[in-house]
Amino acid sequence: MTDREIPKTFDPADIESRWYAHWEESGAFRPDRPDAEPFTIVIPPPNVTGSLHMGHALDNTLQDVLIRYQRMRGRDALWVVGTDHAGIATQMVVERRLAADGVKRTDMMRAEFETKVWDWKEESGGTITTQLRRLGASCDWSNERFTMDDGLSKAVRKVFVDLYDKGLIYRDKRLVNWDPKFKTAISDLEVETREVNGRFWHMTYPLADGSGALSVATTRPETMLADMAVAVHPDDDRYRAMVGKMVKLPITGREIPIVTDEHADPELGSGAVKITPGHDFNDFDVGKRAGIVPADMLNMFDDEARIVQTSDGLIPNAYLGLSREDARKALVAELEETGALERVEDRTIQAPYGDRSGVVIEPWLTDQWYVDAETLAKPAMAAVRSGETKFVPATWEKTYFNWMENIQPWCISRQLWWGHQIPAWYDADGNVFVADDAEAAQRKAGEGAALTRDPDVLDTWFSSGLWPFSTLGWPDETAMLEKHYPTDVLVTGFDIIFFWVARMMMQGIEFTGKAPFHTVYCHGLVRAADGQKMSKSKGNTVDPLGIIDKYGADALRFTMTAMESQGRDIKLDERRIEGYRNFATKLWNAARFAQGYGIGASQTYAPPSATSAVNRWIIGETIRTAQALDGAIAEYRFDSFAGTAYHFAWDRFCDWYLELIKPVLQGEDEAAKEETKAVAGWVLDQILVMLHPVMPFITEELWHKMGPRPYDLIHAKWVAADAHHVEEDAAREVDWLIDLIGAIRSSRSELNVPAGAKLPLHVRDASAETAARLGRNTAMIERLARAEGISTAAAPEGGSAQIVLGEATYIIPLEGVIDLAAERARLTKNAEAAEKEIKSIEGRLGNPKFREKAKPEVVVETEEKLVERKAEAERLRAALTRLG
RNA sequence: GGGCGCGUAGCUCAGCGGUAGAGCACUGCCUUCACACGGCAGGGGUCCCAAGUUCGAACCUUGGCGCGCCCA
């Protein structure tokens with residue numbers, strides 16, 4: 001076997017590894033095109049701890065389709081790639097590894113721990129980037145970035161310092177979402193609210209002056225240890241006399257005021273509500289309205305949510321050190337004993353959980369760094385309103401606006417060791433100096449001031465929000481930045497519009513003056529075949545690498561592309577992947593067939609000249625297909641892109657064109673043969689080009705198998721969609737040919753004519769044009785319709801199958817073989833179908849309002865259709881009469 | 001409670017004003033010289049329900065019913 005001969009079986013694994021290595025080594029992903037128009041995508045950076053899952057497979061396939069398409073169209077296509085340092089996730093992974101050796105993070109110095117993380121990153125941080133290569137992603141690996149590398153860290157420091165100087169970053173004492181497992185603050189977005197079965201405890205709070213008592217209810221009784229007030233609604237008459245009096249809390253004996261506040265819901269419980277400003281977001285606001293400043297708010301938890309003494313020292317020692325759960329038990333028991341517990345009811349409650357830790361989040365009063373998101377959100381919203389950035393599908397704009405309009409200050413400090421340490425230093429008096437580095441901070445603080453750096457790090461999303469420009473070199477004014485920013489499209493899941501897209505918009509506009517991309521394409525989630533969300537805990541995840549091993553990366557990519565219909569979730573059924581693997585095999589075999597007849601690499605970019613209808617038709621179909629593909633990409637209709645290419649390659653090219661040219665290839669007419677081989681070679685090349693963005697491996701392999709090439713397919717020119725080559729007369733002739741063959745095949749099949757039987761074909765009432773067409777296409781009709789001789793002479797007497805098509809009737813004598821009843825039934829069925837339609841069309845045309853108001857061309861079309869259908873019905877009835 | 005979205009063939013989904021399509025599954029025939037991971041032919045749908053707009057509605061409007069997601 002020569003090295004160009006296509007093997008009988010298609011083995012994706014061999015091809016994939018070979019071509020990916022070749023592309024990467026030859027720099028094919030980033031050809032030097034200094035003068036070309038840029039096309040730029042930044043990858044949503046996967047977590048450095050991660051491994052490839054189906055969501056990545058979808059997201060990156062779509063990006064690669066766009067990048068490869070634009071690269072073939074001659075653009076200077078750049079796909080910026082890299083990973084995200086994933087603060088909490090990475091710290092967890094490394095801590096777990098250390099724990100296996102019996103070492104705790106807190107046993108070592110911070111710098112030492114950071115070294116361990118970097119070591120881990122060197123060792124296993126590349127997992128996902130290796131896996132992206134297996135998918136075929138044509139990223140620019142030569143410029144691979146990491147959110148913690150020097151350049152990106154520099155960008156982070158600059159952004160922090162600048163925002164601080166502009167007053168858009170500030171330090172504040174307020175309640176945060178505290179994760180007691182990881183012992184860090186987290187942002188609102190990292191909290192998920194879950195419905196859980198809880199309880200509602202009703203307790204009696206006596207008045208301090210002994211004049212009575214009131215009842216309060218709570219889902220978290222243990223927080224009464226830090227209660228600072230009881231609130232009632234200002235309009236609630238029941239409590240009017242009590243407002244301003246003091247309550248003496250059970251257990252602590254703390255005396256707290258009864259205040260009025262709109263927050264108290266008269267309908268809920270007794271209408272009186274306990275206020276714990278240090279441990280509840282609503283109560284924090286009520287407390288502030290009641291005049292309690294945050295610094296005075298009582299705190300009863302340590303960083304692990306264990307009970308600590310409040311500043312007034314009133315919590316009994318027995319409670320100190322207890323967990324939230326144990327404290328609740330002990331407290332409820334004590335209340336019950338003293339008779340202060342009235343009743344307990346079951347209730348579904350909404351409880352906050354950390355999305356990574358899975359533990360209940362504690363609202364906790366701490367000093368943290370905040371971004372003034374409200375200010376940054378304004379231009380970010382304006383950019384979408386003005387159309388500078390548009391969402392596809394557009395419906396996500398509503399989600400974006402909805403969130404942006406109600407945006408809260410963004411807590412960006414995290415009590416972790418892994419991440420960008422906040423560039424802020426404090427002097428002995430607690431004054432803060434924000435600067436790019438220690439020296440600059442010292443200059444600000446003045447000589448001699450003893451400075452300590454803030455130990456906290458920044459939220460990972462703070463640095464990934466800079467990704468579209470920090471990866472291109474910002475804050476330096478690099479050529480890359482100049483040419484490739486703003487980027488073109490961001491392709492991502494709708495689930496991180498808030499986390500990431502919104503933040504890139506805010507930071508991008510603030511620091512570059514321009515929105516980071518003109519289009520945000522949001523896709524859905526990849527779900528299991530039954531529609532369930534894939535999750536490790538359910539055990540229903542599908543590993544993309546396993547799929548690639550089994551069916552090939554091209555099949556997986558094709559599936560992802562074909563199923564992506566603008567944001568709808570994808571229910572992934574493995575049979576679908578199998579189907580597209582079959583498509584790859586089909587393409588492989590079509591190329592083998594072509595090669596077997598001496599069809600090879602096309603010599604021209606433009607379509608070869610052609611005289612036969614079939615050749616001119618397939619050229620036109622190719623152009624039409626390319627136009628449809630261009631349209632699909634322009635509208636981000638990935639499903640339509642894949643479907644169009646699939647149907648062209650399989651239905652048009654394999655099932656019709658290759659079958660129609662077999663008689664020519666096997667025939668004697670050398671000129672016709674040469675023309676056909678040239679056209680077939682050209683069309684096959686265009687198919688490889690058109691499929692390359694979706695199926696890069698098999699197409700590149702076949703591209704080279706078909707003959708010597710001046711360049712790899714990855715750099716081939718996209719099909720020139722020049723409408724000049726679409727020839728209507730050839731299209732009409734071949735459409736007629738296909739209809740005729742189809743009609744003959746149908747009747748043969750319905751009449752149970754043995755598949756192999758070759759039967760003569762008689763034609764009556766043929767027009768001159770039909771006769772000419774029959775003459776030109778005899779060999780094809782004979783082969784594909786299993787005919788033997790086509791004659792305009794009258795058919796012999798006796799039973800026959802009759803096919804009505806256009807003005808002519810085609811007769812296949814089946815004397816002695818035909819089942820007359822079956823043929824009568826067939827013709828009757830067809831006649832009735834036509835008559836039913838005639839009736840419906842006549843109904844419409846008979847309505848004067850239709851003629852009056854419908855578009856004229858619709859009326860004309862309808863009239864033409866009526867004429868056709870009537871003629872068809874007449875001929876079918878005539879055929880029935882002849883049958884007797 | 002606020003917002004978004006979805007109900008079309010057995011399954012998964014396109015279509016979103018001119019009278020219903022695809023893939024898979026299903027049925028029959030074919031070991032036809034590229035391919036059985038194939039070829040040919042075929043069956044299958046009150047387009048969730050109701051009312052309205054329109055010459056005409058799966059498509060637009062309103063209201064139901066069912067399901068999902070996001071934010072409180």
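First the proteins, then the strands, lettered A, B, ... as listed; each starts at 1.
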Per [X] side chain, nearest of listed nucleotides [options]:
| X | options | value |
| --- | --- | --- |
| A:K829 | B:A14, B:G18, B:G43 | B:G43 |
| A:K398 | B:C70, B:C4, B:C40 | B:C4 |
| A:Y646 | B:G23, B:C55, B:A25 | B:G23 |
| A:K571 | B:U12, B:A34, B:C69 | B:U12 |
| A:E659 | B:C13, B:A34, B:G3 | B:A34 |
| A:R575 | B:G23, B:U19, B:A25 | B:A25 |

Using the [atom1] atom on both, measure [N] against [M] and round to a whole Å.
| N | M | atom1 | answer |
| --- | --- | --- | --- |
| B:A58 | B:C24 | P | 28 Å |
| B:C30 | B:A22 | P | 25 Å |
| B:A50 | B:C29 | C1' | 47 Å |
| B:A9 | B:G15 | C1' | 14 Å |
| B:G10 | B:C71 | C1' | 37 Å |
| B:U54 | B:U61 | P | 15 Å |
| B:A57 | B:G18 | C1' | 10 Å |
| B:C60 | B:U8 | P | 15 Å |

How about [X] and [Y]: does a side-chain donor come under 3.5 Å of a side-chain acceptor?
| X | Y | value |
| --- | --- | --- |
| A:N615 | A:Y657 | yes |
| A:E564 | A:Y521 | yes |
| A:N847 | A:R844 | no |

Spacing between [X] atom [atom1] and [N] atom [atom2], to the nearest angstrom:
| X | N | atom1 | atom2 | result |
| --- | --- | --- | --- | --- |
| A:E861 | B:U19 | CD | C1' | 13 Å |
| A:E574 | B:C37 | CD | P | 16 Å |
| A:R576 | B:A25 | CZ | P | 11 Å |
| A:K550 | B:C37 | NZ | C1' | 13 Å |
| A:F593 | B:G39 | CZ | P | 14 Å |
| A:L784 | B:C33 | CG | C1' | 15 Å |
| A:L658 | B:G39 | CG | P | 12 Å |
| A:D569 | B:C13 | CG | P | 9 Å |

### Check: A:D569 side chain, A:L525 main-chain N or O, donor-acceptor pair, under 3.5 Å
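Side chain of A:D569 to backbone of A:L525, a donor-acceptor pair under 3.5 Å: yes, one is there.
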
Scan every strand shown for a Watson-Crick or G-U wobble partner of [N], both distances under 3.5 Å, and answer none if you come up empty.
| N | answer |
| --- | --- |
| B:C13 | B:G21 |
| B:A58 | none |
| B:G45 | none |
| B:G28 | B:C40 |
| B:C4 | B:G68 |

### Task
Kindly say whether, by distance alone, the side chain of A:R581 makes a donor-acceptor pair under 3.5 Å with the base of B:C37?
yes

#### Entry: base_contact_polar (B:U19 base, A:R844 side chain, donor-acceptor, <3.5 Å)
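Answer is yes: a donor-acceptor pair is held.
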
For [X], answer base if it contacts any base atom (sugar-phosphate contacts may also be present), sugar-phosphate if it contacts only those atoms, and nothing otherwise; contact means non-hydrogen atoms under 4.0 Å.
| X | value |
| --- | --- |
| A:N847 | sugar-phosphate |
| A:K586 | base |
| A:N406 | nothing |
| A:Q595 | nothing |
| A:K853 | base |
| A:R851 | nothing |

### Summary
Value for CG (A:L684) from OG1 (A:T622), rounded to nearest 0.5 Å, stands at 10.5 Å

It should be established whether [X] places a side-chain nitrogen or oxygen under 4.0 Å from OP1 or OP2 of nucleotide [N].
| X | N | answer |
| --- | --- | --- |
| A:T395 | B:G5 | yes |
| A:S746 | B:G42 | yes |
| A:R637 | B:G15 | yes |
| A:K662 | B:A34 | yes |
| A:T399 | B:C70 | no |
| A:W403 | B:G2 | no |
| A:K8 | B:C35 | yes |

### A:E872/A:R869 salt bridge by N-O under 4.0 Å criterion
yes

### Query
Does A:K673 come within less than 4.0 Å of A:E668, counting only side-chain N to carboxylate O?
no

### Summary
Comparing A:R745 with A:F10, nearest RNA chain B nucleotide closer to 5' gives the residue A:F10

#### Entry: Residue whose nearest RNA chain B nucleotide is more 5′ - A:N582 or A:N589
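Residue closer to the 5' terminus by nearest nucleotide: A:N589.
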
#### Entry: Qualifying residue for ring-ring contact (aromatic ring centres under 6.0 Å, His included) with A:W396, from A:F494, A:F498, A:F391
A:F494

#### Entry: Other residues, nucleotides, ligands: >12 heavy atoms within 6.0 Å of A:E750 CD
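Check passes, neighbour count above 12.
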
